[in-house]
Each structure stands twice: as C-alpha cells, then as structure tokens.
There are 2 protein chains.
Amino acid sequence: MNKHVYSFLQGNKDMKDLLGGKGANLAEMTHLGLPVPPGFTITTEVCGAYLANGDYPAGYHEEVEANLKQLEEAIGKKLGDAKNPLLVSVRSGAKVSMPGMMDTILNLGLNDETVVGLLEKTGNERFCYDAYRRFVNMFGNVVFDISHELFEDAIDEVKRAKGVKDDTQLDAADLKKLVQSFKSIFHKETGKDFPEDPREQMKYAIEAVFNSWNSSRANTYRKLNNISGLLGTAVNVQAMVFGNMGNTSGTGVAFTRNPSTGEKEFYGEFLMNAQGEDVVAGIRTPQKLVQLHEVMPEVFAQLDRVRETLENHYRDMQDIEFTIQEGKLFMLQTRSGKRTAKAAIKIAVDMVEENLISKNDALLRIDSGSMKQLLHPDIDPKASKNVVAKGLPASPGAASGKIVFTADDAENWAFERDEKVILVRKETSPEDIHGMHAAQGILTSTGGMTSHAAVVCRGMGKCCVAGCADIVVDAKNKVMKIGDLEFHEGDVITLNGSTGEVIMGAVGMIQPELTGEFETVLQWADSVRKLKVRTNADTPKDARTARDFGAEGIGLCRTEHMFFEEDRIGAVRQMILSKTLEGRELALAKLLPMQRQDFVGIFEVMDGYPVTVRLLDPPLHEFLPKTHEQVVELAGVIGVTPEELEKTADNLHEVNPMLGHRGTRLGITFPEIYEMQVQAIFEAAIDVAARGIVVMPEIELPFISDRKELEVGKAMVEKIADKYRKQITFEYKVGTMIELPRACFVADELAELADFFSFGTNDLTQMTWGYSRDDIGKFLNYYLEHKILERDPMEAIDQKAVGKLMDMTVKLGRSTKHDLDVGICGEQGGEPSSIAFCHKIGLNYVSLSPYRIPIARIAAAQAALMA
Amino acid sequence: MNKHVYSFLQGNKDMKDLLGGKGANLAEMTHLGLPVPPGFTITTEVCGAYLANGDYPAGYHEEVEANLKQLEEAIGKKLGDAKNPLLVSVRSGAKVSMPGMMDTILNLGLNDETVVGLLEKTGNERFCYDAYRRFVNMFGNVVFDISHELFEDAIDEVKRAKGVKDDTQLDAADLKKLVQSFKSIFHKETGKDFPEDPREQMKYAIEAVFNSWNSSRANTYRKLNNISGLLGTAVNVQAMVFGNMGNTSGTGVAFTRNPSTGEKEFYGEFLMNAQGEDVVAGIRTPQKLVQLHEVMPEVFAQLDRVRETLENHYRDMQDIEFTIQEGKLFMLQTRSGKRTAKAAIKIAVDMVEENLISKNDALLRIDSGSMKQLLHPDIDPKASKNVVAKGLPASPGAASGKIVFTADDAENWAFERDEKVILVRKETSPEDIHGMHAAQGILTSTGGMTSHAAVVCRGMGKCCVAGCADIVVDAKNKVMKIGDLEFHEGDVITLNGSTGEVIMGAVGMIQPELTGEFETVLQWADSVRKLKVRTNADTPKDARTARDFGAEGIGLCRTEHMFFEEDRIGAVRQMILSKTLEGRELALAKLLPMQRQDFVGIFEVMDGYPVTVRLLDPPLHEFLPKTHEQVVELAGVIGVTPEELEKTADNLHEVNPMLGHRGTRLGITFPEIYEMQVQAIFEAAIDVAARGIVVMPEIELPFISDRKELEVGKAMVEKIADKYRKQITFEYKVGTMIELPRACFVADELAELADFFSFGTNDLTQMTWGYSRDDIGKFLNYYLEHKILERDPMEAIDQKAVGKLMDMTVKLGRSTKHDLDVGICGEQGGEPSSIAFCHKIGLNYVSLSPYRIPIARIAAAQAALMA
C-alpha cells in the first residue's frame, strides 16, 4: 500500500516528485537540524487521485490523523483545543516551483473558541484578532472564491468610520468586529456559515489547494514554462509561527547570493511585526536584510549560519523564507533561487572557484534559454534621456513601449495591434501573468525586489522596475502621474530594469557584449560540446557580430535578402520581368558585381570558416514592384508599357506561393539567375583567396524534393566552376537544404550528390503540419489557449514527426555518405530542447541568429553532458 | 563470356529482355516451323554497351561474321556478291513494342555492282532499281538524317519531267536515274560518297538503330507510356523477301482477331506488289485481308493456318506481318496485338470460353488503365448531327474540339489555352506524338486501320477517324476542305471513332453502360479482389451512377460542393460574414434543412453501404462573394454596409490557403458550422432508417495533424449524437482524413480515437513534395519534358515517399486498433499502379470517381492475383 502522508522527519530533498519542492526541502532542512516548525506533507499522488476520481485514496484520512496527532504532540497544542489551540498553515508545493501560482491558507484552526484560547496563551488581543480576520479572509477567498475586494471594502469602511488610513491603526476591537463582518460576507456569498470546526477547515483547505492545480492561472504558468507531465501538487500542513506577534517578531525572504547580480552577499528583505504574505505581496515596502543585523544581531547571525549550511548542502544559491517569532528564528522554505541570467553565470563561475561544484555541474545548472537576457539590448549610455522616476531595479534589461494599464490591454495591444507595450500596475498578481508575458516590460508602484512582479519578470527574462513610489497609477482612468506629468494609455516610456530608471519616450539602445564570467562559461561549454555553432547571416555586419559571439561559420546566407537592398531591387525586377534575353542579361550584368561584393565582404569576415550560401529561394513575385510608380519607372527601363509589365507580373501570381515556383525549381527553369549567383560566389572566393584569406564556400540548393533536381542544380554549379577551375585553389562544397518531407525519404539518393545537408526546419515544419506561418495566426492562439497545441511547433522541433523525419534523413544520408555534414538552419536551431535533439541525432552543427549563439554554445554543451 | 548475337534458331519467345520482342518472336516462329526468312538478332546488351561506351563488346564482330556466314549458307547468297547478292533488312526491336518509333532499313546490301547481280537473278529491272532507290533513300534518311522531302522532291521532278502522277508510272530507267540523283543528294548533304561496301552499310545501319533508342521521339514514347529500366533495343538482321516483285507478290499486316471489336475474325490489310512500309505508312490505301482469299486462295489458306498456330501457341491475339514473294508466304513478325478496351474484354472472355486461357489469365491480361475507353462518352444517337464526311473508324469513342493542323498547335492550344482540340493531318508520323497526346481526337485524310494514326490512337484510347478521303487538308494555310465547305483553325468538329463520322460543330454525348462481356469480366474481378471499391460522390445522381458501376459505398462525400449550389451559397456567405450570433444562426437555420436533404438523398441511394461524409474542408474565403453586386446584395441581407462586408471578407484572405485555416481547424474555431453539418447527418440518417433503409454514416474530420484536434472534433460529434441518442438505431463511425505528414507519424494516437482513416493523397502528396496543385503548372511541364520528373506525383502514388508515409500510417494505426478501417479517396486511388500499392499495404478500400470504378475493380483483382 502506498504511503500518502509524510512527516517532515520522513521525507528528503530527492522526493520532489512525491512531496513537491517545498515539502521535500522542509524535510531536508529538518534533517539538517535547522529550526523548521513541525509538519507533514500530503503527496502529489493524493492530489492526482483526488483530481481524477474526486475522492481520496483508502487509508489517507487515517494517515492524516496520525500525522496530525504526532504534530500536536511535538508542539504540545491541539487542533481545535479551546485552551491551547494548534494553528497550522496549509500550503501547496508542486515539484516545480510556481511562484504565487498556488494558494496558501495561514492561521488555520482559528474559530470563535480557539481564538480565546490563543488570546489566553499570548495575551496579545490585537494579534489574535488580526490572525483571525486574516484567516477568514484567506479562507473565503481561496476556498470559496469570494472576491478579495469585498473584504477590503469592509476594512476600508471600518477605517473610514474611525478616520484612520493604515491597517496598523486598527485596534483589537476593530479587528474583532472585522472578523464578524468577514463572516457575514462569507455567509452572504456562500449561503453557508463559516466552518468553525478546524478539521472541516483543514479538509476544505486541502481540497482548495488540490483544485488550484487546475486553475487557469496555474495552467497558464505551466503552459508558458512548458511544464507538463506532473501529477499535481503536494500539500504541506505545518505548525504556524508568527512574525506579527510584536516588535521582536518579523518575517522575511532572502537569497543566499544576490539573485540579480550573482554577487556573494546575503540578499533579502524583511518586515518586522508582519506575516510572510505582507512581504511577498508587496503591500508594505520591506527593509533590506542587512538591516536585520542592527535590529536583531543574534537572529541575523543565526540566519547567516543557516545560509552557509544550506549553500554547502545544496551547492546552489537558495531562496529562503523565514519567520522570527518573539526573537526565535524559524525556517519556512528553501529552494533553488531564481536568478537573472547574469547572476546565474556569476554564481556558477564563483561556485566552481569555491570548489562547491564542478565545471560540468556549473554548465548543467545554467538555464541556457534565459541567457537571452544577457543578449538583449540595453540603454545606450551615450543617449540623452529624460529620467522622470526611479524605482527598484527588479529585473535587468531595457525596453521601450506604449503604456497600458491592464493585463488584458497588454495582450490585446501586443497581439492584435502588434504594438510593443509596457504594463504599468500598482502591483501585479498571478491574474496578470498573460499580460506580463505580452508586455516588453513591467513597471509597478509598490512592492520590492521579491514582489510578484519582480520574481516573475526575472523568470521571464523581462525587464521590470518595481516599487516605484514616484508614480501614481490610476488604472481606472488609465492615467499614470509622476508629479505634474501625466501619462496616458499609448504614451511611450522606456524602462531600465538594471537601474530602476523610468524614462520618458523611447531611448537609443545598444547591443550587449560578452565579458568576464560569461566568456569563461562559454569557454567551458566549447570544451565539452560536440555540435558546432554557426550563424544565419546575410551581411558582413551580421557576420562580424556572429564571430564576436563565437560563430564557427555561416550556416545560412540568404541571398534573397541581398536582392531587396534598395540599390539592386530595380535590377532584380528588371531581370524578372524582362521578356527578352538582352533585358535579362542587362539586369544580371548589373547584379553580378553587387552579389560578388556581398560575398567578398562575408568571406573576409569568415576567414577560416565555412560559409553556406543558399541560392535564391523565394518565388519571384516577392520581388515585384509594389506601387504604380515603381511599375511605371521599371516599364521605362525595360522598354514596355506599364500595362504589359503588369500583365507579366500578374502571370507570376501564385495561389500558394510557399508551395510554388521557388527554390531550385526556379533555378532550373530560370538558370541564368543561379548561374549569376554561382559566378558571383566563385569570383568572390577567388578574389579573397588570392589575398590569403581561407575561404570555404558551400553552395546550397534550396527546396529539393528529388535526386534529379539536385543533379541538375549541381551540374549547373559545376559548369560554372569549370570556367574557373584553374583559379579555384580552395575547397568548395555543393549541398542541399532539407525542407520537404520528400527530401527526407530520398536522403540516401540525395547524399550521393550532396556534400552536406542543412535542415530548413521552418519549411519542414510547415509541410509536415500543413501550417503556413503567414496564416497560422488565424487559429494558433486559439489552439494554444485551448491546449489543442502544447506549443507552437515553429518554436521548438516537434520531435513526434519533424524530429523523426530529421532522424531518418541523417541515417539515410549517412548510409550513402558516412561523413555527410548535416546541420540545421531553421529558427528552432536556436532553442535549447531542439539543440539537445540535434545533438542526439548526430548533427554536425546548428546555425542561428547572431544573438542566440552564446545560448546555443551552452545548450550544445549541456546536450553533450547529458547524453 | 556473354553471347552477343543469336540466330533465329537459337532464341525463343521468353528471351525478350535480351532479343527484344521482334527477335524473340521471330525465333519462336522459326521453332514453330513457320516460314520465317533466316536471320539473327544482336542483343539489347550490345546496344546498352554501345550507348554507354561508344564501342562494341569484345567478340561481337566475330559473332556477327559467323552468323552472317550461316545466313549466307542458309540462303545460298552472299552479302556483296556481285553475282548472287544477299540483301537483308536491319530492324530495331526492343522488349516493349514501340510502333513506328524505331528505324528500319530494307534492301541493305545493294550497290552499283550487286544491283546488276540482282537483276541477273530476277530479270526484273524495275524491281531492282526500285529496291535500290528505296534503300538509298532509307539509308540516307535513317542513318544520316537527310530530310525525306529532298528525296521526294527528286521523285517529283522526274514525274513532272515525264508528265506522270504516280510512282508506279515510273519505269526502270527513271528509277535508275533516281538512284543517281539520290546519291548526289547523299553526297551533297553528308559530304561523303554513298557507302558501296555492304559491310560498311550494315555497320552504319546497326549503329543508326542503336542511336535511335535515344531519339527524342523514342524518349517521348517511353515517357508517355511510363516505360523505363530497359537497356536498349535489339537489332534484327534478316534475309530480305520482296512483296514488290510483281503481281504474285504482296505484303500485309493482320490481327488474328478484330483489334477494334474483339470479334473472332481474321482482320487485316494487304497490298499487292508493295513493300511493307507502304501499308504501315498509309500512303496507298490497302485492301481488306479477306480479299486475299480471292486473289491468292492457297496463300490465304496457309496464312489462316499460321493464324491458328500462333493463337494456340501464344494464347493471345497476335499482330502479324507477312510478305508474299512470287506466290510464297513469309512471316516477318508476330506480337501480342494492341487492341481497344472493348476488344480486350471480348477477346479475354472469348478465350476463356474457348478454353485457351483461365479466368485469372484473362483478368491479368486486361490493361485496366485502357478500360477508360469503355467509360468515355459516346455520341448521343438521338442527337441531331450534320455528318459532313466519313472515314475509317480507326479508334472508338467520340470527341468534339477545335480544329488545329499541327502537333505543336495542338499542344499549345490544349495546354496553354486549355482548349479541347481535334488534330487534323494528312497522315501522322512519330513526330506528331506530343500533339496526338494533347488532342481529344485525330482525323487523317489518308492511311488505313493500321496506319500510324490508327495504331497510336488505339493505344492511347483516343478516338480517331483515319483515311477520310473526303477531306482535303491544307496544313500550310490551316484550312480543311470538304467539298465546298471550308473549316479553319478553331472551327469546332466532332469525330465518332466508332463509325468514322466527321460531324460539323459539337454534338450531344451520352454516358456508356456496362454490358455483356465487360460485366462478366467485372464479376470475375469481384470474386478475386480483396480491396473494396467505393466512390467519391457528392450528389444522389453521382451516387446512383457509381452504384450502377458497382460502387460499394461512398468513400468521400465533399460537403463543400453542396455549399456552392446556387440556392445556398447566399446562406453560406451570410454564415461566414455575419458578425452577430443571430446572423449566423439565421444562416445556419437556412442551411440545415438543405444539408439534411442532401444526405437523405445520398443515404437512400447507398442503402446498405457506408457513406463517408467529410465535414467542411476548404478555407472559408473560397465561399466569399466574387462580384460587387453579390457584395451589395449580401450586405443588405446581413444588415451591414458593403464596405464593412468587404473588410470582413478581406480578413479571411490567406497567403497560402492550402496550409491555412481549413478542415478541422475551421470546425474547432467555428464549431457552429460542423455542428450544423453533424446535425444534418444524424437527422437524415434517422429519417431514412425509419423508412427501413440501411444507413451507415461515417463522419470524417479533415486536415487533422494531432490527436488533440481529433479529440475536440470527435467530442463535438458525440455531443450532437447525444441529442439523438434514442433515435440512433444505426451504427455510425467517426474517423479522420490522413492528409498531413504529421498525421502519419501520430497515426497510433489518432487510431485510439478514430474508427477509420481515409488517405487524402492529393493533399498528402502536396505536403510531401511541397507542391501546390494550383501552381504546379509553372514548372511541371518543364520538369516532365526534361525528365526531372518521370511522372506527375499527383497522377500515381509516389511510392518512394508518399507511399512510405501511407504504409507507416497503416502499421501505426493498426498497432493501436487492429481492425482499423483504412481507405484512400485521393485522385490517385483510381490509378492502377496505385491500386496495386493500396492492396499491398493492406487498405480496406479505394474510393474514386464513378466512371473509374470498373477500372478499379479490375485493377484490384489484378493486384490480388499478382500478390
């Protein structure tokens, strides 16, 4: 028979699947001898069974009773005992931490009888009724979904009647009255009396935690973070300790190192005479943890020892919660601390130096996806800027956007209108997650570095300025005031999450550089990874940026981007639309030197590294003149009437251009275009090679579905190469993109001719799923929201189908040519789970946009370490 | 060491791979004791080696010499002997018969010396010089590609000078002069003297035959007939016999049964005092074979015995060539005779009755693809028609079209302008093949039932009226005259290939019925086939036709076709474009009874058989109003301005609609449409079931790429079914189309939910190849012409990729649900090689358009027999 309930003495940190992160770590801390209030954990299996069957497994209730009894004995109090009542907290705790996502109930066990007993024990009437009214509020809100505002209104009424502003100005009598008002609210909203029986309270609370697993906000969080495959949440029932029993009590949260910078400093916040929720919710602005040293030096010293114990034990930066009850320290939580990418890097490198972890551990611990934070633009220090306010630098990076005041607006503006927005809130709550996801950055007027907004933004790698007391947010009227300044919905501001600055208007940004610890980590990564990392770059500038980030070649140089440049689009159009050979030749003669110069520039930058040049891919009509003016001008150049030209252009129209006359199909039927491009490649390569540059051109034929196409295309390349045979002192390759399912099935035949394959997973995904990236918007959001799709298959390689095609392609291709070079140049090649997959199926390289290269270097190393 | 040359005494009919069809059958006839002039065959391997290396294999020349010597001894004449010269024919003969495709040289061995010897032996000067000038002409034309017209011009000049009209009016002296003129032409065109050495002549001739294998016309024939994988052609060198040695000589071709009707009658044509080419080329109009009985009764009797011997031996209808030299019969060829579909059926059934072959042999012998001839429309006997001329009924069927006069015009008009054309020619030649392929029918003014036009048309299943002496064709001026009538390019005529009638204008056509022998064969087929045959039908009328052709259910009922009907497109548009729920509901309420009535009609016809109804598939914008008038009208109905309506319509535009918001994606995001359709299906089924009709609805969700989509779609169906649960007395199924590569990879998951799969191979092929049927025209012809594609993958299942996906799908699907019903409803399902493939991978049924059902029944039987 399964065990359903574990006391903190029975669990340990490796039991997260069963006990959740919180429960497992409470047990672990208990074993380490740290001051943890006793308690027990109900397993995730119970939650799974409850959600599936609506009932509890056999034996469960007996186990809860036995554990409760043990807890009562340990504490020397009894649940519901009118003289000496035990109060407990009931908290969720899934395997994966979901900050703010799950619901918590404190002070459970209070009722009209036990509150008297508590008062007798503590002699602190205000504390008792404060705890009681909080409990009724929380219970009503969490278990019966009664709006928090109803309770707030009742408080406001009391405050108004009394003529005070702050909750702290309410005395015991006020709070006692509030308990009764809250119970009335409870009755009005639920039609039931507030449950006085503590065991009934506990049953309700546990079920509420279970049900919250399926709340839409929990679902959203899991969706956004790609969390799946979990049974449910565990529930922790723990003896209450109180940070709000007076001036020798308090509560706080802390990180064992700075989660923003990674510095080795004890970093956190506390509030005296407060319960934990006050800190996390950001309602009162807390003090810095170092100040605790002055307030309670002994407790601080004890906490500092706890910090050291935990870091040495967990060998990772910890995020802890503690409460001080009448001078006595209690630990309520420890977990691996969320951190910015910058901090993650610094902590990893420092811990290796401190001999806490190995280099490989350090690499594996870095969330490669979050590294994009380090690669985001920052505010140009030289730019002039009008700083209008300053808040806490809660999550680094910078962003400009139009102000919106609600999460729904953020989502609408971002996805419907395609606007960049900054979400401005008094404070954020889990209900705002979707809007935070949609926004470029978050600005709040209250809350600290560990407030909801700050924690969530750091996790998302999104810039956040929190607790900016200078601003007054009037969400109802959609106005933000800073002194005399008024900002309305749609006004542009810029946030600097690294400094806390709020800036009027948009500000110039600069690109980040790799330095210090990051470079160290990347070098460790390079020493273990097997996958090469190339870049997708079409210009010498991009190529240079990519080299600076560590690119080992170009995996995709899209020549069509060159065709769109202003100085050549005219010639391109002339080439497409001329009906005479002379006209085409004229146009091609104009384009050749430009293309050659493009390649010269790229080859120079990529000295010593391969450059894969994809010949023209998109359908010709993409290059057509868009305006009547352009038509008239071009008609003059070509020597036809605008009407004739428009007719020619019309003939190029396609119903489904993505499946149309493009890629090598174009190169075969309009050979002069590819011939010009190949000529430009060879001439450029010969030019740079003569200057001592090591050039390795790889000519790539796109959109191949059959061996014959590749045969014709390759023959065309070789025909041009023959013209330069004597001058070709370098090695060159001819290969193909793999973008069509058919190419995958005939990969063995293609490999007879191709020197390399490069997966174009964008197209391959489109073909496999029957998705058009241009049109997917019509149903994709609906599909994601309704969980018909777990994830956009354009984002990460769909391993169920696209991945199988890839794996088959590699095997078939290498069955013919065992040393076939295979890479990927689709967008997914920069996504960590896809990189791991590419490693697994034996690709030689991934190729991605320059700013994603460091991420790929780390992800590739992780893939190699985990293989 | 390989043997390179086989005498006719060494080969046999089973050696076609090596000796070609002609050589193998000449050897076989020799063994049967039939009067075959002696000779030998050079193998296809020699041809293959020659074409690959430009040289002959070792030992080849010695073998030719040895065989030549044997031949000389058998005949008692010697090649090049001035006194007693041996003359030979050199003829191609590949494994597969290619009528008129390969080149032939007769009378080889003649030169200025041997012609004198021949004259001494025969005493027939005219014959000798006639043979000589023909040889020079043929040799120059075939080996050195000298235009036939140059020789014709020389003849015309002689005739003009002499004032005669016919070749037969030229005497020996004229012909002797012509030999010299021809040699001058030869010298002028080639810069060489005509080769007098017979061995040199023979070497040239053999090489010409080899080279003709790669001629463009041979390539075209092979492409059109999907012939591939052959090494090359064999070459037959045979002692000449002469049909032009006077009035007791002659030549003819015959079929052992009527190749047009299949009647058991000796059917053919002959010409006295002529060489075989005169018959085949259609220059002189020959006599019917039965008349030979009167001209030369003994020879006819002998030929009739040969006919019986050959039919009993080959157990198939034979196509034979013979020559009578001075009263003596010689057999020059036998081969399986090409026949119309009607004849094929009759011959097969008759031969079973004659105990010549078994039923299975009969089934296997039928070319199921050619059966479409029997299923083509014919002229309505009740239609009024203006018959303006009558020719030979050379190939049955009927066709209307616009007149064109050249093969190139036929191709241009048909493919570029999408016109139906009739190709009108004096006579056709292999150079016209591409135009014949493009035309609906062929009309010639000369030539008989075995002329090039007649033979090729019967093979193509295309209607042909040949030898229509009433018409005068002036191709140069693009005019055809019939008496006083003039027909110009573009004028419409109708041909009846079964009667030989040429009709002015277009005439009403009727659909064929299955009768007699065809029904017999189909019943044999039904008794052996494993695949069920269903139909793709959207109306009760089509469903009825399909039942008459033997359909065992509907495999695809496309509901969108119903949406386009005039009385409902308005409601459909209202449904799509209404922005209010009321508007949509109004429209759906209008559509529901119409859809219900559609299904009632179809279910009634398909009593006892399953009907697969595919829910709406195409993107909504396909239904949008096309004209401004329609927009204005619809705007009035919906109650919005035309501008608003156009904006809504614009929002539905897609860049790649084939990959867009369609199929079940639409059903999920606009559930009311699918709900209405499902409701109509259930209501219709309940209605007909109540009347005692056996109804088996199968509801099909299209364009599924993931299990989740099917889950949502199926739940929608079941939700509606729940409303009618008590009235549902019949079984229904819910299944999915397999159209996307992704669906193939997750087929095991889909099969957990689906009762059936139906392959939509049109879309599956498009996705796999990245082809858009709407746009493929931009490069497909180029690809086919340049052999980049062997065959349009939309025509037959591409077994290299699409077929592998299908096979995988069936295996995965049945791994979850072992009795999963799987069918195919794409166009390829009606193509014989695809049907064989479907049988092989274990499909339950194929579904195709009504007129293709008989073909599929036979093809399915053949697949079962060959498995």
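Naming: A, B, ... by sequence-line order, numbering from 1 per chain. Below, each value reflects all heavy atoms present in this structure, side chains not excepted, and no hydrogens, waters or symmetry copies. The structure displayed is predicted, hence computed values, not measured ones.
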Exercise for the section: Please assess A/L659 against B/M658 for the test side chain to side chain contact (heavy atoms under 4.5 Å, CB included), listing each intermediate value before the final yes or no. Expected result: CA-CA 9 Å; A/L659 307 173; B/M658 194 178 301; 3.8 Å; yes
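- Atoms CG and NZ, on B/D706 and A/K800 in that order, are 6.0 Å from each other to the nearest 0.5 Å.
- For the set B/K804, B/H661, B/R707, the count of heavy-atom pairs under 4.5 angstrom toward chain A peaks at B/H661.
- In this structure, chain B has a heavy atom under 4.5 Å from the side chain of A/E749, while its backbone stays farther away.
- Heavy-atom pairs under 4.5 Å with chain A were tallied for B/E709, B/E790, B/R665; the largest tally goes to B/R665.
- Looking at every heavy atom in both residues, B/V655 comes nearest to A/P657 through O-CD, 3.3 Å.
- Considering all non-hydrogen atoms of both residues, B/S705 and A/W769 come closest at OG-CE3, 3.4 Å.
- Of the listed residues (A/P619, A/G663, A/P741), the one with the most heavy-atom contacts under 4.5 Å to chain B is A/P741.
- Interatomic distance, CG of B/D798 versus CZ of A/R742, reported as 4.0 Å (0.5 Å rounding).
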Exercise for the section: Check the pair B/M767, A/T768 against side chain to side chain contact (heavy atoms under 4.5 Å, CB included), reporting the backbone distance first and the verdict last. Expected result: CA-CA 7 Å; B/M767 302 301 155; A/T768 304; over 6 Å; no
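- With a 4.5 angstrom heavy-atom cutoff, A/H653 touches chain B only via backbone atoms.
- The distance from atom CG of A/L780 to atom OG1 of B/T669, rounded to the nearest 0.5 Å, is 12.0 Å.
- Across A/T765, A/V802, A/I668, A/V746, the residue that shares the most heavy-atom pairs under 4.5 angstrom with chain B is A/I668.
- Taken from CD in B/Q766 to CG in A/N656, the straight-line distance is 7.5 Å, to the nearest 0.5 Å.
- Residue contact with chain A, scored on non-hydrogen atoms closer than 4.5 Å, involves the side chain of B/V712 exclusively.
- A/D763 does not touch chain B: none of its heavy atoms, backbone or side chain, sits under 4.5 Å away.
- In this structure, CG in B/L740 is found 9.0 Å from OH in A/Y771, a value given to the nearest 0.5 Å.
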Problem - side chain to side chain contact (heavy atoms under 4.5 Å, CB included) between B/F745 and A/L805, worked out - result: CA-CA 9 Å; B/F745 282 97; A/L805 282 168; 3.6 Å; yes
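- B/L666 does not touch chain A: none of its heavy atoms, backbone or side chain, sits under 4.5 Å away.
- The contact between A/Y782 and chain B is made entirely by side chain atoms (from C-beta outward), counting heavy-atom distances below 4.5 Å.
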